[in-house]
Amino acid sequence: MVLFLTILHIIVCITLVLVVLLQSGKGASIGASFGGGSSQTLFGSRGAGDFLTKLTSVAGALFMITSLALALYSSKGLQSSVVKPEAPSKSAPAPSDTAPARPAMPAMPSAPAPSQAPAAPAQGK
């Protein structure tokens with residue numbers, strides 16, 4: 001179903017782009033862009049504008065419907081998380097009520113105590 005909606009969505013997108021590009025400005029009709037007069041157009045003097053306007057509306061509505069349908073299918077498919085929860089390892093000890101004993105820290109060499117310098121002799125004569 002998702003594949004069908006995706007293909008339909010792409011077709012509707014291309015159709016919508018082409019229909020919008022075929023529409024001409026307010027000053028000229030589609031027949032004038034292909035070199036014909038307004039009385040010699042394929043849809044009559046006013047028919048092409050009305051037909052392309054209706055086709056644009058239909059293609060726009062189909063685009064919105066297929067977009068919403070694809071968004072709904074996309075959100076339903078992502079129920080699980082990509083990140084797997086970490087399972088506790090079997091070799092880890094079970095937690096207990098008492099605090100575990102900390103391993104002894106290696107003794108750090110202590111800095112030598114500062115030696116006291118002898119008092120300077122008094123220089124008062």
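For this chain, numbers begin at 1 and follow the sequence in order.
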Measure the spacing between [atom1] of [X] and [atom2] of [Y] and express it to the nearest 0.5 Å.
{"X": "S74", "Y": "L5", "atom1": "OG", "atom2": "CG", "value": "12.0 Å"}
{"X": "I11", "Y": "T66", "atom1": "CD1", "atom2": "OG1", "value": "10.5 Å"}
{"X": "L72", "Y": "S67", "atom1": "CG", "atom2": "OG", "value": "11.0 Å"}
{"X": "L55", "Y": "T15", "atom1": "CG", "atom2": "OG1", "value": "7.5 Å"}
{"X": "H9", "Y": "I65", "atom1": "NE2", "atom2": "CD1", "value": "12.0 Å"}

### L16 to G60 - nearest heavy-atom pair and separation
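Scanning both residues, the minimum pair turns out to be CD1-N, 3.8 Å.
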### Task
Taking all non-hydrogen atoms of both residues into account, name the closest pair between F63 and V12 and its distance.
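Heavy atoms of F63 and V12 come nearest at N-CG1, 3.5 Å.
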### Task
Please answer whether the main-chain N or O of L52 pairs with a side-chain N or O of T56 as donor and acceptor at a distance below 3.5 Å.
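It does hold such a pair.
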Is there a path of hydrophobic side-chain contacts, each under 4.5 Å between heavy atoms of I/L/V/M/F/W/Y residues, joining [Y] to [X]?
{"X": "M64", "Y": "V58", "value": "yes"}
{"X": "F51", "Y": "L18", "value": "no"}
{"X": "Y73", "Y": "L68", "value": "no"}

